[in-house]
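See below for the structure under consideration.
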Protein chains: 2
Amino acid sequence: MNFSTKTEYGLRALVKLDPKVKSPVSLAQIARSESISLAYLERLFVLLKKAKIVRADLGVGGGYYLARPAKDISVLEIVEVLEGKILSYACVKGKVCAHSASCKVHPVWQKLYKEVRQTLGKMKLINIMK
Amino acid sequence: MNFSTKTEYGLRALVKLDPKVKSPVSLAQIARSESISLAYLERLFVLLKKAKIVRADLGVGGGYYLARPAKDISVLEIVEVLEGKILSYACVKGKVCAHSASCKVHPVWQKLYKEVRQTLGKMKLINIMK
DNA sequence: ATAAGACCTACTAATTTAGTAGGTATTATA
DNA sequence: TATAATACCTACTAAATTAGTAGGTCTTAT
């Protein structure tokens with residue numbers, strides 16, 4: 001159980017954005033300061049944009065900025081966008097497992113899933129930006 | 001962030017053991033009832049044995065049994081044995097990240113790591129065996 | 001003697017993750 | 001109006017991990 005670098009890179013990059021809305025920061029700048037491949041970062045930001053976490057301005061002086069106030073963006077959202085659904089087991093999703101009528105392990109994943117989501121949901125981007 | 005099937009299989013197999021100590025259950029039996037490849041299960045149990053979670057009897061009538069009472073075996077132990085260290089980032093381990101003097105994302109992983117370990121640590125095998 | 005079991009090693013297949021390469025479209029500004 | 005900086009797009013490749021297979025040896029109850 002580990003997060004991939006997608007999440008790590010993504011979070012590290014997002015905190016480099018301007019907390020002020022509409023104040024674009026270029027990915028080239030972030031890639032440099034965080035030593036992350038620009039091409040890779042670009043792809044992560046496509047996902048973040050689709051998820052309406054960030055917006056972008058094209059052209060010179062352009063870049064990415066937050067689509068919403070940082071206090072309204074949770075780490076959970078970011079993680080789920082970049083990482084995919086966390087703990088995505090049949091068990092976790094509430095389905096009865098295929099292999100046995102009533103899977104005893106089910107409650108373990110259920111509880112963990114709930115707690116992790118709660119914890120990450122409470123963490124807002126604003127809290128780690130400054 | 002997902003657990004591999006190692007953990008899923010391992011847990012599902014462990015709850016099939018006899019809660020009584022020294023009452024061996026064969027892996028062939030578990031493999032059958034849980035539709036898990038026997039050869040794969042065997043390798044998982046080598047790890048569990050090394051970690052002193054289970055013991056084994058050889059020969060006919062042999063099999064695996066818990067090395068300790070099920071109330072003294074936490075899901076955390078099992079997960080860490082089968083999955084490797086969870087959330088094993090430089091950040092998480094308390095080291096300062098290489099890429100910046102003080103990583104702002106650090107506290108996110110720290111807190112999550114602590115909570116996940118706490119949650120899984122409190123869950124004991126006995127609670128899911130019956 | 002036999003069969004059921006753990007135990008061991010090496011290989012392979014599949015999937016995911018990470019990264020690269022080579023572009024196009026848009027836009028501020030010199 | 002040319003240029004350079006930016007997002008945006010697609011396809012490919014490399015590396016690592018995960019999952020599974022194959023083919024055995026050693027031990028022991030019956």
Side-chain angles (χ1 to χ4, degrees), chain A residues 1-10 12-13 16-18 22-32 34-67 79 81-86 88-89 99, chain B residues 1-10 12-13 16-18 22-67 79 81-86 88-89:
Chain A
M1 179 192 142
N2 276 306
F3 290 98
S4 67
T5 59
K6 284 180 205 162
T7 301
E8 198 200 327
Y9 291 175
R12 266 165 55 199
K16 289 282 182 170
L17 294 187
D18 199 305
K22 281 255 176 192
S23 194
V25 177
S26 80
L27 289 189
Q29 197 177 311
I30 295 174
R32 249 191 329 271
E34 291 291 318
S35 313
I36 299 170
S37 141
L38 174 58
Y40 202 53
L41 247 195
E42 282 178 330
R43 289 203 318 215
L44 301 184
F45 271 73
V46 166
L47 298 175
L48 292 169
K49 195 186 174 192
K50 249 186 221 156
K52 311 211 162 149
I53 290 168
V54 296
R55 289 202 192 125
D57 280 355
L58 284 183
V60 173
Y64 283 93
Y65 52 90
L66 297 178
V79 165
V81 166
L82 295 176
E83 198 75 12
K85 287 294 174 186
I86 62 175
S88 53
Y89 280 12
H99 37 272
Chain B
M1 179 192 143
N2 277 306
F3 291 96
S4 67
T5 59
K6 282 180 208 162
T7 301
E8 200 202 327
Y9 291 175
R12 266 166 55 202
K16 289 283 182 169
L17 294 187
D18 199 304
K22 280 259 180 185
S23 192
V25 176
S26 80
L27 291 188
Q29 196 177 312
I30 296 175
R32 250 191 330 268
S33 80
E34 292 292 317
S35 312
I36 299 170
S37 141
L38 174 59
Y40 202 53
L41 248 195
E42 282 179 330
R43 285 203 318 216
L44 301 184
F45 271 74
V46 166
L47 298 174
L48 292 169
K49 194 187 175 190
K50 250 186 219 156
K52 308 206 165 153
I53 290 169
V54 297
R55 291 203 191 125
D57 280 355
L58 285 183
V60 172
Y64 283 94
Y65 51 90
L66 297 178
V79 166
V81 165
L82 295 176
E83 197 76 11
K85 286 293 173 190
I86 62 175
S88 53
Y89 281 12

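So that the names make sense, note that chain A is the first sequence line, chain B the second, and so on, each numbered from 1.
Contacts of B:A67 classified as side chain to side chain contact (heavy atoms under 4.5 Å, CB included), with partners at least two apart in sequence or in another chain: B:R55. Every residue was checked against the side-chain hydrogen bond (donor to acceptor under 3.5 Å, both in side chains) condition with B:Y40, not counting sequence neighbours, and none meets it. Not counting sequence neighbours, B:Y65 has no partner by the ring-ring contact (aromatic ring centres under 6.0 Å, His included) test. Listed by chain and number, the residues in a side-chain hydrogen bond (donor to acceptor under 3.5 Å, both in side chains) with A:S23 are A:D18 (sequence neighbours excluded). Listed by chain and residue number, B:V81, B:L82 satisfy the side chain to side chain contact (heavy atoms under 4.5 Å, CB included) test with B:L47 (two or more places apart in sequence, or in another chain).
The separation between A:N2 atom CG and D:dT18 atom C1' is 14 Å, rounded to whole Å. Between the CG atom of A:L47 and the P atom of D:dC8 there is a distance of 12 Å, rounded to whole Å.
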Review item, nucleotides 9-14 of chain D N/O atoms under 3.5 Å of protein N/O:
from   : atom 1 : to    : atom 2 : distance (Å)
D:dA11 : N6     : A:R43 : NH1    : 3.1

Show the distances under 3.5 angstrom between N or O atoms of the protein and N or O atoms of nucleotides 12-17 of chain C.
none

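Near-neighbour residues of DNA chain C inside residues 56-64 of chain A, defined by a heavy atom below 4.0 Å, number-ordered: A:L58, A:G59, A:V60.
Salt-bridge check for B:K6 with B:E83: failed, with every basic side-chain N at 4.0 Å or more from each acidic carboxylate O.
Checking B:Y9 against A:V25, the closest nucleotide of DNA chain D that is more toward the 5' end is the one next to A:V25.
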